There are 2 protein chains.
Amino acid sequence: MAKRHKADERLTMAQIAQIAGVSVPTVSKVLNSHTDVAPPTRKRVEQVIVEYGFVRNRAGRALRKGKTGLVDCILPRLDDEYFLPILEGAAQVLHEAGVRLVLTSTHHQTEEEIRGVDTVTDHSTDGILVVLPAEETIEHLERSGLPFVLIHSQGGLLSTAPSVRIASWEGGFVATQYLIARGHQRIAYIGKATVAREAIERIAGYRAALDAADLPIDPQLQCKGDFTEEDGYKATKALLELSEPPTAIFAGNDRQAAGVYRALHELGTIVPDEMSVIGFDNLSFTEIMNPPLTTIHAPRLELGRTAATMLLRLINGKPLEMARVVLSTHLVERQSCRPLARLAKSQ
Amino acid sequence: MAKRHKADERLTMAQIAQIAGVSVPTVSKVLNSHTDVAPPTRKRVEQVIVEYGFVRNRAGRALRKGKTGLVDCILPRLDDEYFLPILEGAAQVLHEAGVRLVLTSTHHQTEEEIRGVDTVTDHSTDGILVVLPAEETIEHLERSGLPFVLIHSQGGLLSTAPSVRIASWEGGFVATQYLIARGHQRIAYIGKATVAREAIERIAGYRAALDAADLPIDPQLQCKGDFTEEDGYKATKALLELSEPPTAIFAGNDRQAAGVYRALHELGTIVPDEMSVIGFDNLSFTEIMNPPLTTIHAPRLELGRTAATMLLRLINGKPLEMARVVLSTHLVERQSCRPLARLAKSQ
DNA sequence: GTGAAAGCGCTAACAG
DNA sequence: CTGTTAGCGCTTTCAC
C-alpha cells in the first residue's frame, strides 16, 4: 500500500527514478508501457511507484505531448434535467477513451458562452462540445481552430460545422400522426414562436402531418409557448375556452405537457378520456405523471455519445463519416391518449 | 478581429513576442497584467495578441505554476436529477474563481470511484469534490495529499475530512413533526434498511419526533425502501393492507413519494383527503405532482456552493472555519397533507 | 536495455 | 521598464 505523505509533497518522476536507482526516461517508459525495459527493472520501478503512490503530473505530460486529455463541454445550464443524459452520454464515451470532461455552464448568456469558448481555446482542452450554441459562438469556434462538435445547433444552415441534432420534424410529424390515427381531427400544438431551430421543425412536422391527412390547419390551435410548464398551463386554459376546443393536445415538450395536465385537472377535464395529450422529450418525470404521458422520445443519451465519438475522431485527426448527424426519435406509448370514438365530450 | 489561421497552427508566446518585437517575458507580463510594462509596449503587444487571436497554452502555465486551474468533481451518476443542483452550485462558485470543473461519473461503482480518484490524483486538477464517496475512496483521497471536500459523505465518523452534508435528521424530524401537528398519529416511513448515513439519520429523526410526541413507534409502519419509485409503490401497497393502516406517509424521498402517489391512485385513495404524504429532497417534479407534494427541501445548490467554497480555500492554503459543515433543511408546504380531523376514513 | 540531452510553453528572479 | 537566464515535469530521440 502507498505510504502516507505530507499534503504538498508531490513526488516527481525524477525522485522515483532516484529511489529506484534508474533514470527518468526509464520511469517514463514503465509508466507508458514501453517494451524496451528489462523485466526486473520494470518490476523494481513499478514497485517504487506503488509504494510511494506516485502519480505523474499531467501538466508536464500535456505540455510535452501537446495534448491535454481533456475535452470541454459547454452547456446553457446545469439545472435542467434535459441536458443530463447528453452529458452522461458524452461522459461515457469520453471516459472509455480515457479523456476527461471539463464542464462549463453559460447560464443562457451568449456573452458567457463566448467567453467560455475563449477560455477553452487556451488549449486547456483538446476539443469542445457545445450544446445549443449561439450563432456567434459558432464563429468563434471556427476561428479557434480547435476541434468541436455542436449539439442541437441552432440555425447555422450554411455552416458545415460538425453537429448532432434530433429529428424534431419527424417527431412532430409522428406525434401528430399518432393522434390523427386515433381519430383526432382538432389537434392543438403548443410551442409556437420560438426561434430555436428544433422548435420550428417540430411545429412544421405537426403541420405536415395534418396536411398529409387533409386536415385543416387552424391557427387558433397553434399556441405560443416557450417550453415551460407555465406556458403549457396558459395555453391549455385558452384552448379550452375556444368555441370548438381541440380533442387532443400535442404539448411541444414534456414540461408544457405537465402544464397541460395541471390546467386540465383544474378544469376537471380527464386525461385521456376527455382529452388526449402527447409530449416530447421523454423526460424522466413523464413516467410518473398521472396518467403516464405518451411522448416522443428524444435520444439525448445518444446525442451525447454520438457527439463525443465524433469529437474524438476529430481530435485524433480522423475524418468524419458524416459531419451533420440527425438522430431519430420514437414514440413512447403510455396512457395519455385515447381514440376519439371513446371521447365523452366529442361529436 | 482575429485573423483566421489553419486548424493546427497554434501560436506560442515566442511567436507573438517576435512579431511584436519584444521578448517573451514581456508578452507574459502583458498577459498577466503586470504593471511593469510601458504603456506603448503593452499596447503593441496587446494589438498583436488580438490580431493573431493568440491564447496562451494552459499546460505550460500549469506546469510552471504548479496549479492547473481545474477542480475535479466525482459523482456516482449523472442521470439522476438529484445531483444536478449540487453540480450547478459547485460550478457557480468555481466559475467565479476562474477555476474550471472536471466531471467524473463513477456509475455507482466503488472501483470506478477509486480509479477516478487515482486518475484525478495525477495533478491534472488542483482539488477534488466527491459526492457520496465510499469509505475506501476517502482513504485514497487522504493518502493522495490533494485538497478535497466530501459531499454527503457516508460513514466516516472518525474521519476529520472536510465535508458538507444535509441535516437529514432534522429533516426527518421536522417532516414527522409537521404531520403530528396535524393530528396524525399513525405515520408510516418508507426507506429503512439502507446503509447510507443520510437515510439512517432520516429515519432516526422520524422516530425521535414520534417519541417526542409520546406516540408509539410501530415497526409495521417502517417500510424498507431503497429510495426508488418502485419501493414507494410497493411499500404503500403493503401499508394499505395493514389492519390499521397509517393516515400519513413520510415517503423518505420524493421518488418514493411518486411511487406512493401511484399506489394510492390505483387503490383509489385520495391525496390529501384520505392520506397525507410528505416527501424529501424537493426535486423539481414535486411541484407538478398532483396534488403538489409537500416535502423537505434539501439545499442541494448550497451543498455544491459550500463544498466548492471550502475546496477553494483549501487549494489556496487557507484554513477552514469548519471542517464538517451541515446544511439545514426546511419544509416546503404544498398540498399533499391535511389535518387528520378532515380525513374521511379515519376514526 | 538504458540514460544523457533537448525542449514542449510558460513565468519568476534578477540584472541591466 | 526590458530582456536574459533558468527551469517546472515530462517524453522523445539517440548514443552507448
Side-chain angles (χ1 to χ4, degrees), chain A residues 8-46 48-49 52-70 98 119 121-126 145-146, chain B residues 8-46 48-49 52-70 98 119 121-126 145-146:
Chain A
D8 45 358
E9 235 181 53
R10 293 171 187 172
L11 294 174
T12 68
M13 264 172 59
Q15 302 181 56
I16 295 296
Q18 200 188 349
I19 294 164
V22 296
S23 72
V24 175
T26 303
V27 178
S28 173
K29 283 170 191 165
V30 169
L31 245 19
N32 293 305
S33 315
H34 286 199
T35 48
D36 55 348
V37 181
T41 312
R42 148 159 293 134
K43 190 129 200 167
R44 187 150 34 96
V45 173
E46 277 172 345
V48 174
I49 288 175
Y52 287 79
F54 168 74
V55 264
R56 115 192 97 174
N57 182 324
R58 208 163 174 137
R61 185 190 168 88
L63 180 56
R64 181 66 232 236
K65 304 199 74 157
K67 296 233 169 183
T68 61
L70 256 32
T119 315
T121 323
D122 63 0
H123 310 286
S124 56
T125 61
D126 298 333
L146 269 181
Chain B
D8 44 358
E9 235 180 53
R10 293 169 187 174
L11 294 174
T12 69
M13 265 172 59
Q15 302 181 56
I16 294 296
Q18 200 189 350
I19 295 165
V22 297
S23 72
V24 174
T26 303
V27 178
S28 174
K29 284 171 190 165
V30 170
L31 247 19
N32 293 305
S33 316
H34 286 199
T35 48
D36 55 349
V37 180
T41 314
R42 148 159 292 133
K43 190 132 202 167
R44 188 149 34 95
V45 174
E46 277 172 346
V48 175
I49 287 174
Y52 286 80
F54 168 74
V55 264
R56 119 192 95 175
N57 182 325
R58 207 164 174 136
R61 184 188 169 89
L63 179 55
R64 180 65 234 235
K65 305 201 73 159
K67 296 230 169 185
T68 61
L70 258 31
T119 316
T121 324
D122 62 0
H123 309 287
S124 55
T125 62
D126 299 333
L146 269 180

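Please read these numbers as outputs of a predicted model, since none were measured by experiment. Sequence lines set the chain letters: A, B, ... in the order given, protein chains first and strands last, and positions in each chain run from 1.
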Problem set entry | Check: B/Leu146 and B/Asp126 side chains under 4.5 Å, non-hydrogen atoms | no

For this session: Please confirm whether the backbone N or O of A/Gly69 pairs with a side-chain atom of A/Arg58, one donor and one acceptor, at under 3.5 Å?
Result: yes

For this session: At under 4.0 Å between heavy atoms, which parts of nucleotides 6-16 of chain C does protein reach? Answer with one letter per nucleotide, 5' to 3': B base, S sugar-phosphate only, - none.
Result: BBBBBBB----

For this session: Determine, step by step, whether B/Leu31 and B/Phe54 satisfy the side chain to side chain contact (heavy atoms under 4.5 Å, CB included) criterion, reporting the C-alpha distance in whole Å, the side-chain angles of both residues, the deciding distance to 0.1 Å, and the verdict.
Result: CA-CA 10 Å; B/Leu31 247 19; B/Phe54 168 74; 3.5 Å; yes

Show which side-chain atoms of residues 12-26 of chain A pair as donor or acceptor with protein atoms under 3.5 Å away, not counting sequence neighbours.
{"residue": "A/Thr12", "atom": "OG1", "partner": "A/Ala14", "partner atom": "N", "Å": "3.3"}
{"residue": "A/Thr12", "atom": "OG1", "partner": "A/Gln15", "partner atom": "N", "Å": "3.4"}
{"residue": "A/Ser23", "atom": "OG", "partner": "A/Thr26", "partner atom": "OG1", "Å": "3.2"}

For this session: State whether A/Thr41 places a side-chain N or O below 4.0 Å from either non-bridging phosphate oxygen (OP1 or OP2) of C/dT2.
Result: yes

With a 3.5 Å cut-off and sequence neighbours excluded, list the donor-acceptor pairs that the side chains of residues 32-42 of chain A form with protein atoms.
{"residue": "A/Asn32", "atom": "OD1", "partner": "A/Arg56", "partner atom": "NH1", "Å": "2.8"}
{"residue": "A/Asn32", "atom": "OD1", "partner": "A/Arg61", "partner atom": "NH1", "Å": "3.0"}
{"residue": "A/Asn32", "atom": "ND2", "partner": "A/Ser28", "partner atom": "O", "Å": "2.9"}
{"residue": "A/Asn32", "atom": "ND2", "partner": "A/Ser28", "partner atom": "OG", "Å": "3.3"}
{"residue": "A/Arg42", "atom": "NH2", "partner": "A/His34", "partner atom": "O", "Å": "2.7"}

